[in-house]
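Here is the structure we will look at.
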Amino acid sequence: MSEINGPDRDPVTAEDVQHAVRLAVTALRGGMEADWSARAGALEWDCWDTVDHLSDDLFAYAAQLGPETPPLTDHVPFAYARRLPGGPANTISTVRDAGPAGLLQVLEASAALLVAMVRTTPPEVRSYHTYGVSDPEGFAAMGVVETLVHTHDVAEGLGVRWEPPPADLCERVLARLFPDVVVDAAPWPSLLWATGRAELPGHPRRTSWRWTSAPVHEADLRPT
């Protein structure tokens, strides 16, 4: 078994969010003529709603860092709604008539908000997330993971090629958000396993999972 995290690691940055989203948009542009109502991989959502969910996540992470005094006990209280029963509850949703091009434009715009907030928010700032009060790096890492794994889901549903993201990027988000993950596998398959999307030799597919939003030195890592 090899450990892919440790105390001496490079941080996840705003530029990593920007890079991940550029990779995602480039891949998904290959499916402009595909059926975006197709199921996104193993998710219950269709490809359109999954990209809207991703945009909404990136927006929400940016919003948590936005107030002068960020909330520590709840989300910033934006309203949200579901497009379809059982679909994701989003604040951000794309006008359907804008088509896939508009959908990806909304994704880029939401990502730009998170990039800007991570880049300009002091590292000591903390804000609420369901999985633990987080710092700007944590929100950047969450944005990267959401982007990489949901692009994996959508690419599978659309039938487009999604190249494995850079190993270094996967290593750093694993170290930041999944400090308990110790597997003898390459970083991208390890991230897919950590998020319940693949099995690894000796490691059955996870049926439930969560990341650690709080900085590792502040997190309670006791088993739950």
Side-chain angles (χ1 to χ4, degrees), residues 1-24 53-54 56-66 70-72 75 110-153 164-198 200 203 206 208-224:
M1 303 283 274
S2 60
E3 191 167 356
I4 55 178
N5 55 55
D8 299 320
R9 62 172 181 82
D10 291 329
V12 184
T13 67
E15 285 64 37
D16 291 323
V17 178
Q18 188 174 59
H19 182 55
V21 172
R22 283 175 175 167
L23 292 175
H53 164 75
L54 172 56
D56 188 74
D57 276 342
L58 301 180
F59 167 82
Y61 298 157
Q64 286 302 113
L65 296 171
L72 298 177
H75 297 106
S110 296
L113 297 175
L114 179 58
V115 168
M117 291 307 303
V118 171
R119 189 175 284 153
T120 58
T121 302
E124 65 272 14
V125 169
R126 300 291 182 268
S127 188
Y128 177 82
H129 184 275
T130 306
Y131 294 161
V133 171
S134 194
D135 60 349
E137 187 204 4
F139 284 108
M142 288 184 262
V144 170
V145 170
E146 292 280 3
T147 299
L148 297 182
V149 301
H150 281 315
T151 302
H152 168 81
D153 300 330
D168 171 68
L169 180 57
C170 295
E171 285 178 349
R172 285 183 289 116
V173 296
L174 279 164
R176 175 59 183 80
L177 296 179
F178 298 95
D180 60 327
V181 169
V182 184
V183 294
D184 189 15
W188 175 234
S190 296
L191 183 58
L192 291 177
W193 177 80
T195 56
R197 287 167 169 81
L200 294 173
H203 298 277
R206 285 177 151 184
S208 65
W209 60 273
R210 59 183 289 168
W211 57 50
T212 301
S213 298
V216 173
H217 65 280
E218 299 174 12
D220 181 356
L221 300 180
R222 292 172 297 178
T224 57

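Counting begins at 1 with the first residue of the sequence.
You'll find the side chain of Phe178 reaches within 4.5 Å of the side chain of Thr195, heavy atoms only. Side-chain contact check for Val17 versus Thr147: every heavy-atom pair is 4.5 Å or farther apart. Contact check for His53 versus Glu146: side-chain heavy atoms found under the 4.5 Å cut-off.
Heavy-atom minimum distance, Val115 versus Gln18: CG2-N, 3.8 Å. Of all the heavy atoms in Ser190 and Val183, the pair that sits closest is OG-CG2, 3.1 Å. Taking each heavy atom of Gly138 and Arg176 in turn, the nearest pair found is CA-NH2, 3.4 Å. Considering all non-hydrogen atoms of both residues, Trp193 and Leu200 come closest at CB-CD1, 3.6 Å. The two residues Arg126 and Pro70 make their nearest non-hydrogen contact at O-CB, 3.5 Å. Scanning all heavy atoms of the two residues, the minimum distance from His203 to Val182 falls at CE1-O, 4.5 Å.
Distance CD/Glu15 to OG1/Thr13: 4.5 Å, rounded to 0.5 Å. Atom OH of Tyr131 and atom OG of Ser213 lie 8.0 Å apart (nearest 0.5 Å). In this structure, OG1 in Thr212 is found 6.0 Å from CG in Asp180, a value given to the nearest 0.5 Å. Going from atom CH2 of Trp188 over to atom CG of Leu174 covers 10.0 Å, rounded to the nearest 0.5 Å. The distance from atom CG of Asp10 to atom CG of Leu169, rounded to the nearest 0.5 Å, is 11.5 Å. Put simply, CH2 on Trp209 and CZ on Arg197 are 6.0 Å apart, with the number rounded to the nearest 0.5 Å.
Between Tyr128 and His75, the ring-plane angle classifies as perpendicular under the 30° and 60° cut-offs.
When each of Leu114, Leu177, Asp16, Leu58 is paired with Val144, the side-chain contact (heavy atoms from CB on, under 4.5 Å) condition holds for Asp16 and for no other.
Side chain of Ser127 to main chain of Gln64: a donor-acceptor pair is present (N/O by atom type, distance under 3.5 Å, no hydrogens or angles).
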